[in-house]
Amino acid sequence: MSKPHWRPARASDLAAISAIAARIHPALPERAEVLGEKMRLCPDGCSVLDTDQGIVGYGLAHPWMRYRIPPLDGFLRGLPDGADCLYVHDVAVLPDFRGGVVRAYVAEIETLAGASGITTLALVSVYGTRLLWERMGFRTLTADAELRAKLASYGDGATYMLRELAAR
Ligand SMILES: CC(C)(COP(=O)(O)OP(=O)(O)OC[C@H]1O[C@@H](n2cnc3c(N)ncnc32)[C@H](O)[C@@H]1OP(=O)(O)O)[C@@H](O)C(=O)NCCC(=O)NCCS
């Protein structure tokens, strides 16, 4: 079996991505069209983990504004002018293919941020993945009431995290 590798996501990958999302996030469902919109708006931020058995994971990210959290299963309707962060919407990998694979995707996102003049990465951590993201340099923001309200659709324990990249 060839080693799983990250490659840019294509529109034709949407069905596989959506199937993995439904399997990994049964409690946080999102419509395929919502995922597909992110791929269309920011193809450079979207990758799949490919193997000779097919796609086993994906990562979706797009330019956004810090402290703004797109509602789960909601359309973005466009990217903001003057985006000041790359927002990692989701990374999910099938259990059999896990083991440190997210790092290479995050490195790609860092490179994309650098090329776009963006120095902050943002995400919402779910399912107690805070430690995983902390190991990758993300820090938890103390959520005020407004941020907590925006996090509500992501379930209990959702945490907004930022990572500052060194300016280049
Ligand atoms: C997030 C994800 C892509 C990371 O994959 P990966 O880079 O291969 O990393 P692993 O799954 O091997 O996890 C790395 C470490 O984080 C820990 N971790 C992962 N998910 C965790 C969770 N839900 N709760 C606690 N710890 C977790 C692992 O135990 C592992 O710890 P170790 O290094 O001490 O063994 C994968 O775990 C996944 O698909 N998870 C489900 C979807 C998800 O939670 N996505 C993130 C949404 S913010």
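All of these numbers come straight from a predicted model, not from anything done at the bench. All ligand and atom numbering here is 1-based and tracks the order in the structure.
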Residues that T120 engages under side chain to side chain donor-acceptor pair (under 3.5 Å), provided they are two or more places apart
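With sequence neighbours excluded, T120 shows a side chain to side chain donor-acceptor pair (under 3.5 Å) to E164, given in chain and number order.
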Set of side chain to side chain donor-acceptor pair (under 3.5 Å) partners for Y67, sequence neighbours left out:
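With sequence neighbours excluded, Y67 shows a side chain to side chain donor-acceptor pair (under 3.5 Å) to no residue whatsoever.
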Flag, side chain of E37 to backbone of R77, donor-acceptor distance under 3.5 Å:
yes
In this structure, are over 12 heavy atoms from other groups packed under 6.0 Å from D81 atom CG?
no
Listed once per pair and sorted, the ring pair (Phe, Tyr, Trp, His ring centres under 6.0 Å) pairs that draw on residues 130-152, sequence neighbours left out
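Output for this query lists W133-F138.
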Tabulating one pair per line, provide the atom names and distances (0.1 Å) for every N/O atom of ligand 1 that is less than 3.5 Å from a protein N/O atom.
unit_1, atom_1, unit_2, atom_2, d
ligand 1, 7 (O), V101, N, 3.0
ligand 1, 7 (O), V102, N, 2.7
ligand 1, 8 (O), G99, N, 2.6
ligand 1, 8 (O), G100, N, 3.0
ligand 1, 8 (O), V101, N, 3.1
ligand 1, 12 (O), G99, N, 3.2
ligand 1, 12 (O), G100, N, 3.4
ligand 1, 23 (N), Y127, O, 2.7
ligand 1, 24 (N), Y127, O, 3.4
ligand 1, 24 (N), G128, O, 3.3
ligand 1, 33 (O), R135, NH1, 3.0
ligand 1, 34 (O), R135, NH2, 3.3
ligand 1, 39 (O), V93, N, 2.8
ligand 1, 39 (O), V93, O, 3.3
ligand 1, 39 (O), R98, NE, 3.4
ligand 1, 39 (O), R98, NH2, 3.4
ligand 1, 45 (N), V91, O, 2.7

Can you see which heavy atom on L28 is nearest to which on S153, and at what distance?
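Scanning both residues, the minimum pair turns out to be CD2-O, 3.9 Å.
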